[in-house]
2 protein chains.
Amino acid sequence: MEIVDIGGVGGFSMRALGARLNIDPTAVYRHFRTKNELLEALADRVVRGDEPLPHTGDPRADLRETFAQLRGSLLRHPTLAPIVLRRPPGGEASWERTNHAIGLLRQAGLPDRQASDAYTTLLFYTLGHALTEARHTAATIARKGPDATVTPITAIGSSASRYPHLAAVADHLAADMREQFHDGLTLILSALAI
Amino acid sequence: MEIVDIGGVGGFSMRALGARLNIDPTAVYRHFRTKNELLEALADRVVRGDEPLPHTGDPRADLRETFAQLRGSLLRHPTLAPIVLRRPPGGEASWERTNHAIGLLRQAGLPDRQASDAYTTLLFYTLGHALTEARHTAATIARKGPDATVTPITAIGSSASRYPHLAAVADHLAADMREQFHDGLTLILSALAI
DNA sequence: ACCTGAACACCGTTCAAGT
DNA sequence: ACCTGAACACCGTTCAAGT
């Protein structure tokens, strides 16, 4: 995880891992069948995150919190985020979080079909949002090193005459993504009447 | 694009491209600075898609259509989908579609700030949804070859006792993803009062 | 049980040389 | 202007051999 956080997924190789562990690179194959399996184990740790799943008793608050946790964890390991999306469903931690979230939606009174749809919508929204933000963070780190301050997404550089609507809302598009994430979450939860 | 659609992004290499074109692999560097730049050009073609942007005059219908187009294009080139997400904003085709969609949201009466937020929400929802479906499609193709019928996502194999909520809605989670996509879109558009 | 080290079959990219 | 081909510095993975 250290190697990935510092050098990005691109900087992670079996040889780099071997060097970090003072071990022959091929020794890793005793513990993971392929490099991909190793990366997926890292991805599962990202989905789990550091904090315990929220249990305040308020489904709406807990739903906001679990998806905020997921977003936070993805942003803490930005270069790993695409792998979270790529890996097939089935990781231990992702099932844990899925089961918890669906439980909250059912607790909020949604019938099974709606709970399932709502979960899918919330998950995809969170993944898409976090990954786009993560992509930007990863690009900044790649350019300026791991300690660089991550600037807000730069305003659109394109000609205002070709893309007038885009130019009109450019300032808002560039605005704080954390706030945008929570606003979007609110939007979806209201639509669900939660 | 042919190489990528058949063998996946993993099967695409400068040497493979050279062989396909009966050309020395290094000749490609006369036309693209890096392999990544070449893949991003492909990703931009995926965002553009085959169909023209919808202009029926009904913002709600056009919004549904443009995001459905994007989803369709992503699913037609499933292994390229993660690259669409990874690349920084700025591709010609993606700006075209962004400008068009924001125009529709403004036409529907949303103020700039809300239009910006709504666009972000709709885009991330569509990307996340399509990419997860694409991931499944790509996995099926990798397992069974390019002509295999893509089966619906398999029901959860895990123990029902450990994840009771997940087991309860498993049938719905496994259901038709196209319908789920449109239901989610409806949910978000209603929340926007469009 | 775990690690080593040579080896295989690949990569992306650079650069001098050709036409 | 465009292509070639050798070369560089890497990859993931396998496998026989060691302890």
Side-chain angles (χ1 to χ4, degrees), chain A residues 1-46 77-88 90-91 135 138-146, chain B residues 1-46 77-88 90-91 135 138-146:
Chain A
M1 191 68 98
E2 242 178 71
I3 296 174
V4 164
D5 285 346
I6 292 174
V9 184
F12 180 86
S13 71
M14 298 310 246
R15 283 166 171 90
L17 179 58
R20 178 68 187 72
L21 299 174
N22 281 321
I23 242 174
D24 190 279
T26 63
V28 181
Y29 287 87
R30 205 43 63 174
H31 308 275
F32 292 90
R33 288 224 316 267
T34 61
K35 180 190 177 184
N36 200 49
E37 217 164 76
L38 208 167
L39 285 175
E40 285 180 3
L42 289 181
D44 203 52
R45 284 171 70 137
V46 171
H77 308 283
T79 70
L80 227 34
I83 294 181
V84 171
L85 198 76
R86 206 181 354 254
R87 67 191 256 285
R135 177 180 71 183
T140 306
I141 287 174
R143 255 202 321 277
K144 307 188 188 172
Chain B
M1 191 68 100
E2 241 179 71
I3 296 174
V4 164
D5 285 346
I6 293 174
V9 184
F12 180 86
S13 70
M14 298 310 246
R15 281 166 172 89
L17 179 57
R20 177 68 188 74
L21 299 174
N22 281 322
I23 243 174
D24 190 279
T26 64
V28 182
Y29 286 88
R30 204 44 63 175
H31 308 276
F32 293 90
R33 289 224 315 267
T34 61
K35 179 190 179 186
N36 200 49
E37 217 164 76
L38 208 168
L39 286 174
E40 286 181 3
L42 289 181
D44 202 52
R45 284 171 71 136
V46 171
H77 309 283
T79 70
L80 227 34
I83 293 181
V84 172
L85 197 76
R86 206 181 352 252
R87 68 189 255 286
R135 177 180 72 184
T140 306
I141 287 175
R143 256 202 321 277
K144 306 187 187 172

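Just so it is clear: chains get the letters A, B, ... in the order the sequence lines come, proteins before strands, and each one is counted from 1. FYI, side chains are in, hydrogens and waters are out, and symmetry mates aren't considered; it's all heavy atoms of this structure.
- Distance, Asp24(A) CG to dT14(D) C1': 12 Å, rounded to whole Å.
- When every heavy atom of Ile3(B) is checked against every heavy atom of Gly11(B), the shortest pair comes out as CG2-O, 3.9 Å.
- Spacing of C1' atoms, dC10(D) relative to dC8(C), comes out at 15 Å, to the nearest Å.
- Defined by atom type and a distance below 3.5 Å, a donor-acceptor pair is present between the side-chain atoms of Thr26(B) and Asp24(B).
- Across the protein-nucleic acid pair, Lys35(B) atom NZ and dT14(C) atom C1' stand 17 Å apart, rounded to whole Å.
- Taking atom OH of residue Tyr29(A) and atom C1' of nucleotide dG12(D), one finds them 4 Å apart after rounding to whole Å.
- Computed from coordinates, the Phe32(A) CZ to dC2(C) P distance equals 13 Å when rounded to whole Å.
- Scanning atom types as modelled, one donor and one acceptor separated by under 3.5 angstrom connect the side chain of Thr26(A) and the base of dG5(C).
- Taking atom CD1 on Ile23(A) and atom C1' on dG5(C), their separation rounds to 14 Å, with Å as the unit.
- One interatomic measurement links the two molecules: CE of Met14(A) to P of dT13(D), which rounds to 6 Å at whole-angstrom precision.
- Nucleotide dC2(C) forms a Watson-Crick or G-U wobble pair with dG18(D), both donor-acceptor distances falling under 3.5 Å.
- With the nearest nucleotide of DNA chain C identified for both Asn22(A) and Arg15(B), Asn22(A) has the one nearer the 5' end.
- Comparing dC11(C), dG12(D), dC2(D) against the side chain of Ser13(B) picks out dC11(C) as the nearest.
- Between Leu17(B) atom CG and dC11(C) atom P there is a gap of 12 Å when expressed in whole angstrom units.
- Look at His31(B) and you'll find a side-chain N or O under 4.0 angstrom from OP1 or OP2 of dC3(D).
- Nucleotide dC8(C) is matched to dG12(D) when pairs are restricted to Watson-Crick or G-U wobble geometry with both distances under 3.5 angstrom.
- Of the candidate nucleotides dT13(C), dT4(C), dT4(D), dT4(C) has the atom nearest to the side chain of Ala27(A).
- Taking every heavy atom of both residues into account, Met1(B) and Leu42(B) meet most closely at CE-O, 3.9 Å.
- Judged by distance alone, with hydrogens and angles left aside, the side-chain atoms of Glu40(B) form no donor-acceptor pair with the main-chain N or O of Asn36(B) at under 3.5 Å.
- A straight line from CG of Leu38(A) to P of dC11(D) spans 15 Å, rounded to a whole angstrom.
- Annotation: of the two residues near DNA chain D, Arg30(B) and Arg30(A), the 5′-most nearest-nucleotide partner is Arg30(B).
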